[in-house]
Structures are given as C-alpha cells and as structure tokens.
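Numbering of ligands and ligand atoms starts at 1, following listing order.
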Amino acid sequence: MNRENDASVPILDLRRAFGEIRGEVRAAVDRVFDTQAFILGREVRTFEEHMEAYLELPEGGAAVGCASGSDALLLALMALNIQPGDEVITTPYTFFATASAITRLGAVPVFADIDPDTYNVSLADVERKITPKTKVFLPVHLFGQMVPQEKIAPLLKERGIKIVEDAAQAFGSWRKVEGRIVRAGTMGDVGCTSFFPTKNLGGCGDGGMMVTSDPELAARLRKLRVHGEGSTYFHEEVGLNSRLDALQAAILDVKLPHLEEWNEERRSLASFYRLCFESRGLTGEGKLRLPVELEGNYHIYHQYVIRTPLRDELMAWLEERKIATRVYYPLPLHLQPCFAFLGGKAGDFPESERLSREALALPVFPGLRPEEQERLADAVAEFARSRF
Ligand SMILES: *Cc1c(COP(=O)(O)O)cnc(C)c1O
C-alpha cells in the first residue's frame, strides 16, 4: 500500500479552510480583546448589517444575532406568539432542535413526510396536515437546498399561517422564483440560521441569527433576546438571555466574504462525486442514489448525502479503510423517546423512516481533495463488486 492509501479521509477538517484566513481572524480577535467589549455592541451590529446587505433585505428588514440556531428558532416562534396547543407543521427528518423549539413553548409539532429525492418535507403532505390550529409552517432546508415553499405560501397566507424557515444548513443557498433569486431565510416571516462551527458559515463557538423583512417582528426579536427588556432593567415581557458574542461576530464577519467561494467549492465537490460514481458504474437501480438538486435550486451541499439499502455495511466497509462517513439522521423525530407523548409510531412516515436506514453522508468541505474523493469512490467500487 502506498502512503496515500494509508492516510485517513476525514468527514470534516475545518483547519483546511482556516489556513486561508488565519491572519484576518487573528486581527479580528485582537481588535475585540483590545476593546474588552464582549457581548452584542458594535461588532455584532456591523456583522448584522453585512448580513442584511448580503441577503438584500428590504428597507426595515433586519438581521438579529442570538446565541444559537436553536435559540433563533425558539425566539422566532415566541415573536409570533405561539401558545400551548398551537400546531406547527414541520419535517420529522431534521436535527432535533427544529422540533424541540416547538415543544418548549407547549406547542405541538405536526409532522409531514419527506420527498425521497430531495429529503425535504413534501408540500403535498404539509397541505394534508393543515388544521384550524395550525399557526406556523416550519420548513427545514435540509443538507443545503431549499424547500420550494413559494408553491404553498399563498394557501398558508389565506389561512393566516406564518412561515419560520430553518436555514441552519442552507445559509447562502437560494432558489429562483419567477426569475428572481430568493435566498434561504428570506422567503418566510422569519428565517433562522446557526453559526455552529460545522455549518457552511460557522463561528468559533455557538451563535445564531434571525432575519425578517418586518420591522415590528425585528423589534420584537431584539427585545426577546435580552430578557424582554424595553429599557435597561424594565421588562415588558419574559424573553431569553440569547445574545451573540462580539468575538463570534468579528470572526463571522471575516468569514462572510468567503462564503460564496466556499459554497461554490462544495458544489464542485458534489459534481466530482457524481462523476466518480457514474464513471465507475455505481449509480442506478439497486445501486447508489445520489442527491437530487431540485429545478431552480442552488444547493450548497452542507452535507452530501447518498442513499443505499446497504448503508450500514458500506459505512463499515469504508470505516475499515479509514474513510469517515456519518449518518444524518438515524432516528426520525416522531420515533424519539422524548416525543413519545405525541403518539408517533413506526410506519407513520415511511419515507423518513426508509431514509433514516439508507442515508449516508460523505465528506464534503472546503479543502477536501480530489484524490480523497477518488479513494472513496474506489473503495465503494470495490464494495460494489461483491455486493451490488
Ligand atoms: C444546526 C441546526 C440547528 C441548530 O443550531 P445550533 O446553533 O446548533 O443550535 C437547527 N436546525 C438544523 C436543521 C440544524 O442543522
């Protein structure tokens, strides 16, 4: 075996992209330490303004930083006055925080099954789940591509149902709607994102953000993130302590101008995977199913997730060859023990349940090398010779 085949292929290595910006990040950190102002303040407002410009929010629209993506979802639902018993329609195939934000408020997550190609919520099923108690639709733009929510928006509006987007995995992705580019997070009433270090725009700790085009909602979100404070020590309502750190904001502000180039790189890596798998005859009936980019979508491949019924065997095979993969997500939310009180049972969401047995996320991150992708594809081909 040569040296190359000995090295491991990581699922993610943040050090590779950090190399390019090390100097700028150091300078930003020094600047914050020199001021000794660590919470909210000028650094956070500057970053919020840059996010507003990047997203091309209309006049009066705002980006509001907070402590995490999970808090962003919770604050968004609070700002929309979600009450115990209210229903929020979302997908069972997502990260836990999407649904826990709903149950935290005593509201009820009502799940709709997914589309087996895009892994995103099926709008036809969402429509079937609407009741007089539905207050919010919470689409998750999973793995980096948007839900085509404009198709259902008029119906929701008619019923007074708001939209809160979970764009934690899709910040920087967009969709063409009637010839116009609409960015993830800007299509609904509130868009939420996360700056968890592994996200496409990740900080050096926890962080999150809410965006809205509605000035009243923006003001409410700003108040809720500081304990519902109107003016110092005068509380108009009970909010959270959920602020973005100056240090995070300063570092994220260094990274924001690189986001498009990093997302482009992820797209190239995705194309190269397709080429590698197709040229080795690994796709098609009974073989690998590759991720599908919906017409009009600019997918930013937060994760590159393939499907195969032999997922567990393939994962073990790659692991033996020191190639790391991950499973997002092994158990859909309706089957999680903490949500048993909702009455979900196996068979309720067949597409989500099947995907949880078949999905395998491959390494995809800025700095991943073509030889690493080829090594992975060769290992899959070797597996396929005995198994497909
Ligand atoms: C990461 C993530 C969140 C939560 O973000 P945190 O910043 O980790 O709290 C919410 N929803 C989805 C889909 C995520 O991937």
Next on the checklist: Which label fits Phe171 and Phe195: parallel for a plane angle under 30°, tilted from 30 to 60°, or perpendicular past 60°?
Outcome noted: perpendicular
Checklist entry - Say you draw a straight line from CG of Asp166 to CG of Leu73; how long is it, rounded to the nearest 0.5 Å? => result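 Separation between the atoms: 4.5 Å.
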Atom pairs and distances, ligand 1 N/O vs protein N/O under 3.5 Å:
unit_1	atom_1	unit_2	atom_2	d
ligand 1	5 (O)	Ser194	OG	3.3
ligand 1	7 (O)	Gly69	N	2.7
ligand 1	7 (O)	Ser194	OG	2.6
ligand 1	9 (O)	Gly69	N	3.4
ligand 1	9 (O)	Ser70	N	2.8
ligand 1	9 (O)	Ser70	OG	2.5
ligand 1	11 (N)	Asp166	OD1	3.3
ligand 1	11 (N)	Asp166	OD2	2.7
ligand 1	15 (O)	Gln169	NE2	2.8
ligand 1	15 (O)	Lys199	NZ	2.6

Checklist entry - Would a line drawn from the ring center of Phe272 to the ring center of Phe277 be shorter than 6.0 Å? => result no
Checklist entry - Taking the six-membered ring where the residue is Trp, are the ring centres of Phe339 and Phe96 under 6.0 Å apart? => result yes
Item to check | Gln83 side-chain N/O to Asn81 backbone N/O, donor-acceptor pair under 3.5 Å | outcome: yes
Item to check | Cluster overlap Val140 with Leu355, hydrophobic side-chain contacts below 4.5 Å | outcome: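 Linked, Val140 and Leu355 end up in one cluster.
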